Structures are given as C-alpha cells and as structure tokens.
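Below, all heavy atoms of this structure are taken into account, side chains as well, without hydrogens, waters or symmetry copies. The structure displayed is predicted, hence computed values, not measured ones.
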Amino acid sequence: MGLCAVLIICLSQAELARIWAQELQDARTVLDGDQSSFHRTRTEQQIPQKHREARNAQTEGGGGGGGGVDISTLPDNMTRIVEDSQRYYRWQSFGPADGWTENLWVDLNNLHKSQVRIHGILSNTHRQAARVALSFDFPFYGHYLRQIIVATGGFIFMGEITHRMLTATQYIAPLMANFDPSFSKNSTVRYSDNGNLFVVQWDKVRLKDREAEGPFTFQAALHKNGTIVFNYREVPVPVEKINSTEHPVKVGLSDAFMASLSSSQLSDSKQRTIYEYHRVEIDTTKIVNRSAFEFIPLPTCLQHTSCDLCLTSNLTTGCGWCNTLQRCSDGIDRHRQEWLDYNCPEEAKGTCEDYNPVLPEGSVSSFNHSSPGPTPSSAVSEDQPVTRDLQTGPPNHKGITENTAIIAGVVAALILLVALTLLAVYYINTHPTVAPPFYLMQRRSNNYWPSMKFRNQGCHSSYAEVELGGHEKEGFIEAEQCC
C-alpha cells in the first residue's frame with residue numbers, strides 16, 4: 001500500500017506540472033489572440049461557401065433510417081404549375097419522312113465493341129435500376145449531374161436520392177413502361193459514352209405479359225451541351241394502348257426539388273417531400289417507327305455566376321441574387337430548401353449595389369491621389385510582421401516551458417519516492433515489534449486470499465460471487481465442470 005501511495009503521488013506531481021504548463025500556454029494564446037482578433041473577425045464574417053449537395057443518399061419507400069420520402073406535386077399556395085411551359089426546354093418532333101430523324105439516331109452497331117457496353121444486370125432482370133457514371137457533367141434543368149440511374153422500364157432517373165418511386169418524377173423517359181429485358185436473350189440494355197455524348201438503348205425489349213406483341217427498340221441520347229434526343233426504331237404497339245395498371249407509362253422530362261417538412265407538420269423531423277415543379281409531356285401519338293424528339297435546353301437562372309448577370313441578363317427572367325449563397329435563382333429548383341433556409345427570398349429583393357456599394361467619385365479620386373501606390377516604407381511595414389516572426393522575433397518558449405515543467409515534476413516525484421522509501425526502511429529496522437512491520441513479515445494464513453468460484457448454472461459459466469472458502473487452494477480458482 002505504501003508503494004501504491006508513492007506511485008499516486010508521483011503521477012499527481014506530473015499531472016500538476018502538465019496542467020501548470022498548459023495554463024501558461026493558454027495565457028499566452030489569449031495574449032496572442034488579442035493581437036489577431038481583427039483578422040479572425042474578418043475571417044468569421046466572410047460569406048460562407050456553397051454547401052455541397054447531398055449525394056448518393058438512399059432511402060427505401062416511406063421508411064428506413066428514420067426518414068421517408070414522399071412524392072407530391074407543388075402545393076396549392078405555390079404559383080408554379082406542373083406543365084410544359086417551355087421555360088426550361090424547347091422541343092420538336094420528327095417523323096419517319098424527316099431527313100433529320102436519321103441524323104439524330106445513334107447506331108451503336110457501327111461503333112467499335114469497346115465503345116459499347118451491354119449492362120449484364122439490366123439485360124437479365126425486370127424492374128431493376130443501376131447507377132451509371134458519366135464522363136462529363138450533364139446539365140439537366142440547369143443542374144449539372146455526373147451520375148444517372150438507368151432503369152429496365154425504359155427511362156433514366158435523374159434524381160440524387162433513390163427511392164422506390166423512381167417513376168414519379170426527376171426522369172428522362174423516352175418510353176417508360178413495364179418492359180422485361182429478361183424475357184429473351186436478344187433483349188439488352190446497352191450504352192455508350194464518348195465524352196461528349198451518352199447513349200442508352202433498350203434493344204428488343206418486350207412488355208411484361210405481352211411479349212407476343214413484339215420487341216421495342218428505342219434510345220435516349222444525352223449531349224454534353226444539355227440537348228436530349230429520343231429515338232424510336234421499333235414500336236410494335238401504339239403507346240396509348242400500353243396498359244399503365246402495373247407500371248406507369250410516360251414519355252417526356254420531369255424535375256423536382258426536395259423539401260423537409262417542419263416538426264410542427266410531422267412528428268418525424270427527417271420526413272422529406274419531393275415536389276415536382278416542371279414536366280414535359282409529349283404527344284404519344286407521334287411515337288412511331290423511325291420517329292424522334294429533340295429537346296433543346298433554355299438558359300436558366302442557375303447559369304449566372306454574378307449579381308450583374310443575374311439581374312440584367314436578357315436570357316432569363318424572374319431571377320434573384322442571393323449574396324449569402326452567391327447563387328442566382330428564381331427560387332424554384334433543386335436548391336429551394338437551401339434558398340429558404342438562408343432567407344434568400346428577402347435578399348433577392350435587393351440590388352447589386354446593396355452588396356457592392358459604389359464610393360463617391362470624390363472619395364475615389366482623393367484616395368487615388370493620396371495613395372497612388374505602395375511606397376517602399378509601407379511595403380516594408382506590411383512585411384515586418386512576417387519578417388519579425390521568421391528572423392528577428394523572440395524565441396518560442398512554449399515547448400521549452402512545458403517540457404521543463406514536466407521534467408521538474410518527475411524529478412520532484414522521484415525525490416519524494418526515495419525519501420519515503422528510506423523513511424519506511426528506517427522505521428521497520430528501528431521498530432521491529434510494532435504491528436505494521438510484524439504484519440508484513442509474518443506468514444500469510446491459508447484463508448486470507450479470497451478465491452473465485454464458478455457456479456454450475458445450467459452449463460452457462462458465469463461469476464457468481466466472491467467467497468472466503470477454506471477448502472480452496474491458496475491463490476487458485478476452482479471451477480466446477482460443466483455437464
């Protein structure tokens with residue numbers, strides 16, 4: 001017990017020395033912080049950068065992970081209507097007699113085999129989707145995407161959060177229907193990406209439970225500039241006659257934004273709702289053999305990177321500048337939740353002069369005359385803090401002080417340990433008949449050390465209790481054998 005006490009004292013001394021050194025360091029840090037508070041204040045007041053969009057998050061249906069996804073259209077109190085207003089895309093159709101139809105078709109059979117990939121999973125399954133990485137940033141409704149999800153059902157999911165309702169919104173659908181590529185070995189889903197053009201083709205796929213009506217062959221082409229092309233080579237059944245009971249039937253484009261409902265609306269604060277804000281639906285009667293549709297993207301507010309372009313550009317209307325996010329938007333896009341969280345609707349009511357105030361002409365001229373350029377003396381004064389820290393500044397005693405304090409504490413503890421040891425030896429030698437020395441020198445009895453015993457509890461060994469049994473061997477543990 002004496003040795004334990006000595007060790008505790010040593011550790012306490014070392015810890016006190018470390019704490020003392022840390023306090024000295026903190027005090028020095030406070031003094032240095034007062035000198036640089038102006039610089040830290042300017043840093044803290046800088047405009048935050050754009051938040052990264054959450055990517056590759058996954059939820060299943062309405063639950064999982066404490067949060068669900070609900071698919072909905074815009075609520076009634078919003079002015080946007082889910083329709084083709086031709087605000088985001090301008091499109092036109094081409095029939096079999098149009099010469100431009102053949103120019104839009106991308107013949108994958110003429111490409112080298114290394115340039116075309118057959119998706120093994122999608123070509124042999126039903127109602128499945130797979131993520132595909134693009135080699136370029138594809139603009140979709142003004143948002144640049146690098147990953148897409150190709151589905152067996154004749155469409156591409158363009159959303160960032162996957163869920164079971166992929167067919168609801170955020171899609172590029174040349175012909176969304178209940179296709180089953182696993183029915184035939186000739187049915188494949190293949191794609192090609194050359195860095196400027198991504199093409200996915202549903203080749204000879206058949207409708208589920210209607211396989212006898214013939215194969216469908218069609219493709220979607222995504223150009224780097226945002227142009228989207230739907231090409232149809234084989235359409236054995238009119239699209240309006242395809243049954244939508246088991247699977248939605250859609251042709252066109254759609255996008256939506258995700259919003260988090262407040263805790264007052266739902267008990268689960270993580271509940272999120274997807275609101276579809278725009279949809280392009282084309283006339284399905286025009287989808288025949290050797291027909292095509294071309295969608296040309298129109299300028300959006302998101303493409304403007306400065307306040308002046310955002311508010312003065314003739315290419316877009318209804319744009320507002322959010323200085324906090326450094327973003328131009330009309331408030332209806334995938335970043336809507338962030339737009340609301342940072343109070344951007346109020347900021348968008350201002351002008352560029354509110355964020356970049358123009359100094360009076362007299363002030364500017366007087367400033368230019370008084371300070372035509374940095375003089376040698378001013379340049380030297382600006383560099384003095386750096387030079388002083390690197391060359392002529394006082395030595396850094398922070399590490400030296402802390403090490404010295406620790407060494408002093410250890411030395412003091414060792415000295416105290418030696419003194420207590422010598423004192424104990426002297427006391428034992430001079431008082432051999434006193435109780436403590438005699439207690440240490442006498443032979444221990446057999447029943448002094450307690451022994452642990454495993455009890456047989458249904459062949460599940462566990463510590464039951466600590467006993468002072470007299471029949472156990474000294475210092476050993478006896479265990480009953482499990483039957």
Side-chain angles (χ1 to χ4, degrees), residues 50-53 74 78-94 100 104 134-148 156 158-160 169-173 195-198 220-230 252-258 275-282 292-340 342 344-345 347-356:
K50 296 181 180 179
H51 288 231
R52 296 180 179 176
E53 299 177 358
L74 288 176
M78 289 189 178
T79 58
R80 304 300 183 197
I81 302 175
V82 181
E83 63 179 2
D84 179 19
S85 59
Q86 293 199 359
R87 180 173 183 175
Y88 299 94
Y89 288 92
R90 175 175 50 87
W91 61 275
Q92 56 183 332
S93 62
F94 302 93
W100 190 244
L104 295 177
L134 302 177
S135 62
F136 55 91
D137 294 326
F138 176 72
F140 184 66
Y141 280 89
H143 306 88
Y144 286 89
L145 307 178
R146 201 61 183 259
Q147 287 187 342
I148 59 176
I156 304 173
M158 306 299 290
E160 298 172 342
T169 183
Q170 294 185 308
Y171 56 74
I172 295 177
N196 293 305
L197 174 64
F198 175 85
L222 279 58
H223 294 258
K224 190 174 183 179
N225 62 357
T227 300
I228 302 172
V229 178
F230 294 165
L253 311 176
S254 171
D255 199 26
F257 61 83
M258 178 171 290
Y275 292 104
E276 184 180 31
Y277 66 88
H278 189 265
R279 183 191 304 167
V280 178
E281 293 183 343
I282 63 177
F293 292 86
E294 185 179 26
F295 302 86
I296 307 298
L298 300 177
T300 62
C301 298
L302 294 174
Q303 73 183 38
H304 302 311
T305 57
S306 66
C307 181
D308 293 334
L309 291 175
C310 180
L311 301 183
T312 61
S313 176
N314 295 326
L315 301 176
T316 55
T317 58
C319 300
W321 179 257
C322 182
N323 195 61
T324 302
L325 297 177
Q326 291 290 296
R327 180 182 299 154
C328 181
S329 174
D330 60 356
I332 305 296
D333 53 47
R334 294 191 179 188
H335 306 301
R336 177 171 175 80
Q337 185 65 49
E338 190 177 37
W339 185 266
L340 297 177
Y342 284 88
C344 291
E347 287 193 25
K349 297 178 181 179
T351 60
C352 297
E353 287 75 13
D354 297 335
Y355 313 117
N356 300 311

Query raised in the report: Can you tell me how far the CG atom of L197 sits from the CZ atom of F136, to the nearest 0.5 Å?
Result: 6.5 Å
Requested in this report: Take the SG atom of C319, take the SG atom of C301, and say whether they are under 2.5 Å apart.
Outcome: yes
Report task. Using a 4.5 Å cut-off on heavy atoms from C-beta on, say whether the side chain of L222 contacts that of I156. Result -> yes
Query raised in the report: Can you name the ring pair (Phe, Tyr, Trp, His ring centres under 6.0 Å) partners of F293, sequence neighbours left out?
Result: none
Report task. Could you check if a side-chain atom of Q92 sits within less than 4.5 angstrom of a side-chain atom of E294, using non-hydrogen atoms only? Result -> yes
Query raised in the report: Which residues satisfy the side chain to side chain donor-acceptor pair (under 3.5 Å) test with D137, sequence neighbours excluded?
Result: R146
Query raised in the report: Given side chains that start at C-beta, do those of V229 and H223 come closer than 4.5 Å, heavy atoms only?
Result: yes
Query raised in the report: Is there a donor-acceptor pair under 3.5 Å between the side chain of R279 and the backbone N or O of S254?
Result: no
Query raised in the report: Is it true that C322 and C344 have SG atoms closer together than 2.5 Å?
Result: yes
Report task. Decide, yes or no, whether a salt bridge links D333 with R327 under the criterion of side-chain N to carboxylate O below 4.0 Å. Result -> no
Query raised in the report: Which word best sums up how the rings of W91 and F295 line up, parallel for under 30°, tilted for 30 to 60°, or perpendicular for over 60°?
Result: tilted
Query - Distance (rounded to the nearest 0.5 Å) between Y141 OH and F257 CZ - result: 13.5 Å
Report summary line: CZ (R334) and CG (L145) are apart, to the nearest 0.5 Å, by 5.0 Å
Query raised in the report: Less than 2.5 Å separating the SG atoms of C328 and C307?
Result: no
**Report entry** Minimal non-hydrogen separation, A256 against T169, with atom names
**Finding:** CB-OG1, 3.6 Å
Report task. Decide yes or no for F230 and I172: does some side-chain heavy atom of the first lie under 4.5 Å from some side-chain heavy atom of the second? Result -> yes
Requested in this report: Measure across P139 and Y144 and return the closest heavy-atom pair with its distance rounded to 0.1 Å.
Outcome: CB-CE2, 3.8 Å
Requested in this report: Working to the nearest 0.5 Å, report the span between CD of Q147 and CD of E160.
Outcome: 9.5 Å
Query raised in the report: Would you say the side chains of D308 and S306 form a donor-acceptor pair under 3.5 Å?
Result: no
Report summary line: What one should report as the nearest heavy-atom pair of Y88 and I332 is OH-O, 3.7 Å
Report task. Output the distance between atom OG1 (T305) and atom CD (Q303), rounded to the nearest 0.5 Å. Result -> 9.5 Å
**Report entry** Donor-acceptor under 3.5 Å (E281 side chain, G252 main chain)
**Finding:** no
**Report entry** S93 side chain near I282 side chain, heavy-atom distance below 4.5 Å
**Finding:** no
Query - Test side chain to side chain donor-acceptor pair (under 3.5 Å) applied to E347 - qualifying residues, sequence neighbours left out - result: T324
Query - Side-chain heavy-atom pair L253, H278 within 4.5 angstrom cut-off - result: no
Query - Taking every non-hydrogen atom, the tightest pair across Y277 and H143 - result: OH-CE1, 3.8 Å
Query raised in the report: So do L325 and H335 actually touch side chain to side chain, heavy atoms under 4.5 Å?
Result: no
Query raised in the report: At their closest point, which heavy atom of G195 faces which heavy atom of K224, and how far apart are they?
Result: O-CD, 3.8 Å
Query raised in the report: Any idea how F140 and Y89 line up, ring-wise: parallel (<30°), tilted (30 to 60°), or perpendicular (>60°)?
Result: tilted
Requested in this report: Indicate yes or no: at least one non-hydrogen side-chain atom of I148 is less than 4.5 angstrom from one of L134.
Outcome: yes
Query raised in the report: D330 and G318: which non-hydrogen atoms are nearest, and at how many Å?
Result: CB-O, 3.4 Å
**Report entry** Donor-acceptor side-chain pairing of H304 and T316 below 3.5 angstrom
**Finding:** yes
